[in-house]
Engineer: 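Sharing a structure with you now.
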Protein chains: 2
Amino acid sequence: MPDDPDRRQSTIKDVAERAGVSLSTVSRVVAGNYPVAQATRTRVQRAIEELNYVANTHARALGGGATRTVGFIVNDVRGPAFAEAVHGVEQEAARLGHICLVATTDGDPARELAAIRLMREQRAAAVFLIGGATDSAAYRARMADIARSLDAAGSRLVLCGRPPLGDGIPATAVEYDNEGGAYALTGFLVGRGHRRILYVGGDLTFTTTAGRVAGFRRAMADFGLPVDEGLFELGAQFTRAAGYERVSARLRGGRDFTAVFAETDVVAAGAMAAVFDAGLGVPEDVSVVGYDDIPLATDLRPALTTVRVPYEELGRAAVRAALERPAGRPEPHQMLGTHVIIRQSAGRPASA
Amino acid sequence: MPDDPDRRQSTIKDVAERAGVSLSTVSRVVAGNYPVAQATRTRVQRAIEELNYVANTHARALGGGATRTVGFIVNDVRGPAFAEAVHGVEQEAARLGHICLVATTDGDPARELAAIRLMREQRAAAVFLIGGATDSAAYRARMADIARSLDAAGSRLVLCGRPPLGDGIPATAVEYDNEGGAYALTGFLVGRGHRRILYVGGDLTFTTTAGRVAGFRRAMADFGLPVDEGLFELGAQFTRAAGYERVSARLRGGRDFTAVFAETDVVAAGAMAAVFDAGLGVPEDVSVVGYDDIPLATDLRPALTTVRVPYEELGRAAVRAALERPAGRPEPHQMLGTHVIIRQSAGRPASA
DNA sequence: GGCGCCAGTGGGACCGTTACCACTCCCCGC
DNA sequence: GCGGGGAGTGGTAACGGTCCCACTGGCGCC
């Protein structure tokens with residue numbers, strides 16, 4: 001047995017020779033849907049097993065066209081919310097007979113671009129961009145370009161959890177309601193008597209942040225409460241550490257709020273830790289709420305009041321929109337609903 | 001503009017025509033390493049940009065052989081520990097210029113098999129199986145088969161977090177030390193004075209469980225303590241709910257242990273919740289320890305004493321082992337170390 | 001009994017790219 | 001002045017499938 005490093009999988013040709021039939025016949029047996037005599041079929045199938053034959057996707061893709069591959073691009077698979085969305089995409093894609101390519105970007109637009117390029121090289125049937133983005137004219141122009149390129153190649157761009165690009169751009173968006181969820185959650189806090197709420201979140205150019213802040217503001221306005229611009233801690237990373245530091249610093253500077261609206265549950269976990277480390281209680285002294293309803297929210301003590309976001313369904317819906325859409329091409333934009341999950345981390349302020 | 005549904009990406013041929021050169025020259029420019037006159041190169045590059053040309057991986061793979069694609073197969077990307085490993089694989093693969101295919105199995109061997117088949121169809125350069133497995137003679141035979149098939153095709157099977165298949169089987173294993181970690185953690189509990197420790201974990205046929213239970217037993221033996229076979233709660237799922245239920249049931253039946261060794265942090269979270277719901281305290285009444293050191297461990301209150309497992313490094317090491325291995329083929333099995341992280345969830349038993 | 005049809009099969013062309021070989025200059029050295 | 005060699009380029013045969021077209025019998029129908 002010579003150890004040639006460039007070994008070869010057996011091919012359809014090997015199978016054909018062994019079974020004593022033509023290439024076409026083997027192809028038909030593998031495909032399964034053409035008329036082949038039972039005897040021939042059996043013979044070919046035996047040859048396939050004996051040779052351990054496995055079809056070559058690349059050859060198939062080259063000839064036929066359709067790839068049965070989709071790609072998804074995500075900030076970081078370790079984020080529990082992203083992980084849920086990824087799971088949804090993966091499950092639904094598998095159900096429809098597609099296999100997934102992944103790439104992570106750490107939020108870097110350059111890496112996002114590079115990842116999209118790779119997906120294009122792979123001729124993915126659809127590309128899913130999962131999670132918010134830093135919005136700008138440049139971003140929109142870039143995405144529009146990409147959407148058109150993908151569309152021209154018979155592929156599809158799907159934005160999951162970020163807003164549509166606008167009419168005429170061949171991209172699908174599947175969102176969940178950041179604005180509405182934040183509105184409801186803020187309303188809940190206000191209902192409990194909070195008037196001064198510290199908002200801890202990301203940069204306003206980030207689509208997710210923009211939506212949640214908008215909902216927050218609208219709720220405050222609707223309830224006739226003033227918004228103190230000094231009570232925004234923006235530009236934070238979506239990490240536990242950032243939540244901890246921002247809230248710690250605020251508490252050191254004098255506690256002029258009764259509740260913390262953390263933009264994600266992970267940030268809320270940091271915020272809660274900061275409150276405890278300042279010798280205060282949650283929710284007695286400071287109420288803390290989050291957003292996303294990741295599993296952690298249940299395990300925090302007190303358990304976190306938050307907004308349930310159907311991330312898995314988001315992923316599934318995105319795949320369905322891209323892959324099950326009939327040939328005629330409507331441009332379905334979907335907006336999934338969210339709702340507040342009331343647990344123990346938010347109560348009435350001491351003053352109320 | 002006719003809306004033909006089967007549109008075409010521009011190809012190397014289109015580029016060649018537009019730039020007025022041959023296919024070979026375009027190919028050389030794209031590859032980048034052959035001698036091409038500067039003027040020609042520029043002309044071709046312009047054509048590439050104008051046509052928005054993107055190379056077709058499938059055609060490349062068909063001709064050349066090497067794929068620059070790796071596949072990883074995991075129980076569930078939502079598990080924080082898995083997610084870390086997946087992240088490691090993804091990052092390292094990207095660094096080496098490879099793109100990742102993912103598939104999830106929910107622990108179902110049949111789906112694992114199907115996923116491996118898909119990876120084979122894609123001619124992945126390596127296939128990573130991430131996480132423990134249910135061991136059996138059938139499992140080993142199956143894996144050996146797969147390893148040989150993959151090897152015969154010039155690909156590679158890598159087991160991440162499960163034991164090697166044995167000599168002569170062309171598969172690489174990258175493990176972390178389940179036995180040693182459990183030994184150390186048990187030693188820690190014993191050192192604090194615990195003698196009756198409830199072990200909550202999976203099925204003994206599961207490789208991870210087997211390793212951790214073995215370490216637990218060895219530690220008890222080394223410290224001269226008897227092992228009460230009644231203090232094993234095995235066959236549990238690795239979920240919060242399972243941890244909660246198993247420990248709740250035990251507590252209802254009378255508390256005959258002073259500490260809980262939960263096989264994973266997620267199970268530990270459930271265990272802690274059960275202790276609280278029984279009106280007891282952690283660690284005053286019952287100490288709880290976990291395994292994995294996922295982010296949740298920090299956020300639990302009390303913060304969880306656990307075993308740090310370098311999951312991300314596991315993923316990275318696996319990729320390096322598979323992709324950077326020189327042509328001559330050593331069969332490197334690696335065992336990564338673990339260590340105990342002491343936090344607040346384990347103290348001295350009341351009796352001590 | 002001749003004709004058409006269809007089930008079953010084989011024979012290519014083609015998909016987009018790379019690898020290899022061949023060819024043409026031009027420059028240099030003897 | 002001529003041969004050798006290398007830089008720069010073109011031509012073409014793979015790679016492993018699928019798909020379309022063509023061919024062969026056998027059968028039913030008029």
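Computed over heavy atoms, backbone and side chain alike; hydrogens, waters and symmetry mates excluded. All chains are named by letter (A, B, ...) in the order of the sequence lines, taking the proteins before the strands, and each is independently numbered beginning at 1.
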Engineer: To the nearest angstrom, how far is E121(B) atom CD from dT18(D) atom P?
Structural biologist: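 After rounding, the gap between these two atoms is 10 Å.
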Engineer: Quick one: which of V158(B), V70(B), V89(B) gives a side-chain contact (heavy atoms from CB on, under 4.5 Å) with V319(B)?
Structural biologist: V89(B)
Engineer: Quick one: list whatever passes ring-ring contact (aromatic ring centres under 6.0 Å, His included) with F82(A), sequence neighbours left out.
Structural biologist: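 ring-ring contact (aromatic ring centres under 6.0 Å, His included) check on F82(A) returns nothing, list empty.
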Engineer: To the nearest Å, give me how far apart CD1 (I12(B)) and P (dG10(D)) are.
Structural biologist: 12 Å
Engineer: Just grab all the salt bridge (Lys or Arg N to Asp or Glu O under 4.0 Å) pairs involving residues 25-50 of chain A, residues at least two apart or on different chains.
Structural biologist: R18(A)-E50(A)
Engineer: Rounding to an integer number of Å, can you tell me how far R120(B) CZ sits from dG16(D) P?
Structural biologist: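 Computing the R120(B):CZ to dG16(D):P distance gives 15 Å.
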Engineer: With sequence neighbours left out, which residue pairs that include part of residues 38-59 of chain B fulfil the ring pair (Phe, Tyr, Trp, His ring centres under 6.0 Å) condition?
Structural biologist: H58(A)-H58(B)
Engineer: Under the side-chain hydrogen bond (donor to acceptor under 3.5 Å, both in side chains) rule, collect the residues that match up with T134(A), sequence neighbours excluded.
Structural biologist: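 Per chain and number, T134(A) pairs via side-chain hydrogen bond (donor to acceptor under 3.5 Å, both in side chains) with no residue.
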Engineer: Heavy-atom nearest nucleotide on DNA chain C for G20(A) versus T57(B): which residue maps closer to 5'?
Structural biologist: G20(A)
Engineer: Can you sort out which residues in residues 23-32 of chain A have a heavy atom within less than 4.0 Å of DNA chain D? Ascending by number, please.
Structural biologist: S24(A), S27(A)
Engineer: For the pair made of CD1 in I48(A) and C1' in dG16(D), what is the distance, rounded to whole Å?
Structural biologist: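 Rounded to the whole Å, the gap is 14 Å.
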Engineer: Starting at NZ of K13(A) and ending at C1' of dC15(D), how long is that distance when rounded to a whole Å?
Structural biologist: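 After rounding, the reported distance stands at 11 Å.
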Engineer: Ignoring hydrogens and geometry, is there a side-chain-to-backbone donor-acceptor pair from T207(A) to A133(A) under 3.5 Å?
Structural biologist: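 Between the backbone of A133(A) and the side chain of T207(A) there is a qualifying donor-acceptor contact (under 3.5 Å).
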Engineer: By nearest atom, which of the nucleotides dC15(D), dG17(D), dG10(D) is closest to the N56(A) side chain?
Structural biologist: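 Looking only at heavy atoms from C-beta outward on N56(A), the closest nucleotide is dG17(D).
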Engineer: Using salt bridge (charged side-chain N to carboxylate O under 4.0 Å, His left out) as the criterion, list what pairs up with D167(A), not counting sequence neighbours.
Structural biologist: none
Engineer: Among dG8(D), dG10(D), dC15(D), which is the nearest nucleotide to the side chain of L62(B)?
Structural biologist: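 Nearest to the side-chain atoms of L62(B), counting from C-beta on, is dC15(D).
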Engineer: Would you please confirm or rule out a distance under 4.0 Å between OP1 or OP2 of dG10(D) and any side-chain N or O of S22(B)?
Structural biologist: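 Affirmative; the distance criterion is met.
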Engineer: Once side-chain hydrogen bond (donor to acceptor under 3.5 Å, both in side chains) is applied, do any residues pair with S136(A), and if so which ones, sequence neighbours excluded?
Structural biologist: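 Once residues adjacent in sequence are excluded, S136(A) has no partner under the side-chain hydrogen bond (donor to acceptor under 3.5 Å, both in side chains) criterion.
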Engineer: Identify all side-chain donor-acceptor contacts of residues 138-148 of chain B below 3.5 Å with residues at least two apart in sequence or on another chain.
Structural biologist:
unit_1  : atom_1 : unit_2  : atom_2 : d
Y139(B) : OH     : R162(B) : NH1    : 3.3
R140(B) : NE     : D135(B) : OD1    : 3.2
R140(B) : NH2    : D135(B) : OD2    : 3.4

Engineer: Between which nucleotides of DNA chain C, read 5' to 3', does contact with chain A run, using atoms under 4.0 Å from its heavy atoms?
Structural biologist: dG8(C) to dG16(C)
Engineer: Using the side-chain hydrogen bond (donor to acceptor under 3.5 Å, both in side chains) rule, pick out the option among T105(B), N75(B), D106(B) that qualifies with R111(B).
Structural biologist: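 Among T105(B), N75(B), D106(B), the one that satisfies the side-chain hydrogen bond (donor to acceptor under 3.5 Å, both in side chains) with R111(B) is D106(B).
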Engineer: Want to settle it: does S10(A) or V21(B) sit nearer the 5' end of DNA chain D, counting the closest nucleotide to each?
Structural biologist: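 On the 5' side of the pair lies V21(B).
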Engineer: Tell me whether the OP1 or OP2 atom of dG8(D) has a side-chain N or O from T40(B) closer than 4.0 Å.
Structural biologist: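 Answer is no, no contact under 4.0 Å.
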Engineer: So for the helix from dG1(C)-dC30(D) to dC30(C)-dG1(D), with five pairs setting each end axis, what is the inter-axis angle to 10°?
Structural biologist: 40°
Engineer: Run the side-chain contact (heavy atoms from CB on, under 4.5 Å) test against L101(B) and tell me which residues pass, sequence neighbours left out.
Structural biologist: I99(A), L101(A), T69(B), M119(B), Q122(B)
Engineer: Which pairs pass salt bridge (Lys or Arg N to Asp or Glu O under 4.0 Å) with one or both residues in residues 88-103 of chain A, sequence neighbours excluded?
Structural biologist: E92(A)-R95(A), E92(A)-R316(A), E92(A)-R320(A), R95(A)-E324(A)
Engineer: May I have the distance from R60(A) (atom CZ) to dT18(D) (atom P), rounded to whole angstrom?
Structural biologist: 5 Å
